> 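My questions will all concern the structure given below.
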Number of protein chains: 2
Amino acid sequence: MKCFTPAEIEQRLVERSVLPTAQRIPICRYVLCEADHPTADDVKRWTDKNFPKLSLATVYNTLKTLVGAGLLREFRFPHSEKVIYDSNVVDHFHFLDEESGKLFDLSGEHVEVRAKSAVPEGYTLDTIEVVLRGRKTKR
Amino acid sequence: MKCFTPAEIEQRLVERSVLPTAQRIPICRYVLCEADHPTADDVKRWTDKNFPKLSLATVYNTLKTLVGAGLLREFRFPHSEKVIYDSNVVDHFHFLDEESGKLFDLSGEHVEVRAKSAVPEGYTLDTIEVVLRGRKTKR
DNA sequence: GTTAGTGCAAATCCTTTGCAAGCCG
DNA sequence: CGGCTTGCAAAGGATTTGCACTAAC
């Protein structure tokens, strides 16, 4: 898990032309460092504990702003209707624990996709998404 | 696109212990034959045209029943918050046209995934999901 | 006649939006 | 001052649910 100092967070925001407001910094602290594939709801629960005056709308606004700034990615997975945010903005895949819903990041080294003949006639391939699903091995 | 006769549809339902009611048969006709990755909404729009008395709740109930019976699969894709139904119940992957939202089925021949080292320690791999995303080639 | 299926409307969940008020440059 | 940000509450879209009604064994 990456860990940025408050100063580093502020710097990253400024770099991307996002004003580092009093609400955005704590949200970033959680979302970019501490959290692991959180939902908006997870973020709200965390801010409720730590920064009680922060509103749900601001959570959503900030998350959207961060996604727009390229500091965060949003995913939608088959197992949940909620949007899931990922501070890992490098291309990667996921492994889903079907029991707990926990997600593991998989880098390109772990998964190889060969999609040569898969792109329909007249189309250009843009991105590849892979989700492996499984569960804890029973023994 | 598969095409079943009304009799075949009825038989498939009965085989899976799903009562072939007056509402379910038309829904199946659309969903199992005519439709291409429809949403619940698509189904409702179709029944509104062809079987006006059919309620939204029945559409959802029927879709859920069909999924439970293994006649239909449901998917959730990153580009849409709606559930998408697929009459192709054999394992396969998808190509998404990011502009139109249209989905193409890809069989295992088209895409090869090597996931050897990707499964986290202590986990067993269950299924693999792949979505390729792209758009029409500009020329 | 009992059980399963249907229709309707209300409810729920997640997310977005409108708008008035606050803050910062 | 003027624009961006915030908070609140209301609205919105997708799906589910409660319940009375109907239909099929």
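Worth saying up front: this structure is predicted, and the values here are computed from it rather than measured. Numbered from 1 within each chain, the chains take letters A, B, ... in sequence-line order.
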> Distance under 6.0 Å and angle within 45° of the ring axis: does A:R12 meet both against A:F4?
yes

> To the nearest angstrom, how far is A:F51 atom CZ from D:dT6 atom P?
13 Å

> Measure NZ/B:K44 against C1'/C:dT6 and give the value in whole Å, please.
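Distance check: B:K44 NZ to C:dT6 C1' gives 13 Å.
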
> Using whole Å, what does the distance between atom C1' of nucleotide C:dC14 and atom NE2 of A:H79 come to?
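Atom NE2 in A:H79 sits about 15 Å away from atom C1' in C:dC14.
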
> Drop me the distance from B:R133's CZ to A:Y123's OH, to the nearest 0.5 angstrom.
13.5 Å

> Taking all non-hydrogen atoms of both residues, which atom of A:P38 and which atom of A:V43 are closest, and how far apart?
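So the two residues come closest at CB-CG2, 4.2 Å.
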
> If the test is ring-ring contact (aromatic ring centres under 6.0 Å, His included), which one of B:F51, B:Y85, B:W46 qualifies with B:Y30?
B:W46

> Report the distance from atom CG of B:L54 to atom P of D:dA23, rounded to the nearest whole Å.
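Going from CG in B:L54 over to P in D:dA23 covers 14 Å.
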
> Would you please confirm or rule out a distance under 4.0 Å between OP1 or OP2 of D:dA23 and any side-chain N or O of B:Q23?
no

> OP1 or OP2 of C:dG7 less than 4.0 angstrom from a side-chain nitrogen or oxygen of B:T58, does that happen here?
yes

> What bend angle does the helix from C:dG1-D:dC25 to C:dG25-D:dC1 show across its length, from five-pair end axes and to the nearest 10 degrees?
10°

> Please give, in whole Å, the distance from D:dT16 C1' to B:L63 CG?
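Atom-to-atom, B:L63 to D:dT16, this comes out as 13 Å.
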
> Answer yes or no: does a side-chain N or O of B:T21 lie under 4.0 Å from OP1 or OP2 of D:dA23?
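For D:dA23, OP1/OP2 do not have a side-chain N/O of B:T21 under 4.0 Å.
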
> List the steps, then state whether ring-ring contact (aromatic ring centres under 6.0 Å, His included) holds for A:H37 with A:H94.
CA-CA 11 Å; A:H37 299 99; A:H94 290 99; 5.3 Å; yes

> Looking at B:R45 and B:D42, does any basic side-chain N land under 4.0 Å from a carboxylate oxygen?
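Counted as a salt bridge, because a side-chain N and a carboxylate O are separated by less than 4.0 Å.
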
> Rounding to a whole Å, what distance do you find between B:F75:CZ and D:dT15:P?
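B:F75 atom CZ is separated from D:dT15 atom P by 15 Å.
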
> For salt bridge (Lys or Arg N to Asp or Glu O under 4.0 Å), just list the numbers for B:R76 and B:E74, CA-CA rounded to whole Å, side-chain angles, deciding distance to a tenth of an Å, and then say yes or no.
CA-CA 7 Å; B:R76 221 182 280 271; B:E74 56 175 46; 5.0 Å; no

> For the residue pair A:H79 and A:F77, categorise the inter-ring angle as parallel (less than 30°), tilted (30 to 60°) or perpendicular (more than 60°).
tilted

> Return the value, rounded to whole Å, for the distance between atom CD1 of B:I25 and atom P of D:dA24.
11 Å

> Measure CZ/B:R24 against C1'/C:dA4 and give the value in whole Å, please.
8 Å

> For nucleotides 15-18 of chain C, give me every protein contact, N/O to N/O, under 3.5 Å, one pair per line with atom names.
{"from": "C:dT15", "atom 1": "OP1", "to": "A:V83", "atom 2": "N", "distance (Å)": "2.7"}
{"from": "C:dT15", "atom 1": "OP2", "to": "A:Y60", "atom 2": "OH", "distance (Å)": "2.7"}
{"from": "C:dT15", "atom 1": "O5'", "to": "A:Y60", "atom 2": "OH", "distance (Å)": "3.3"}

> Evaluate the salt bridge (Lys or Arg N to Asp or Glu O under 4.0 Å) criterion for residues A:D48 and A:K53: first the C-alpha distance (whole Å), next the side-chain angles of each, then the deciding distance (0.1 Å), finally the verdict.
CA-CA 7 Å; A:D48 280 348; A:K53 302 192 286 190; over 6 Å; no

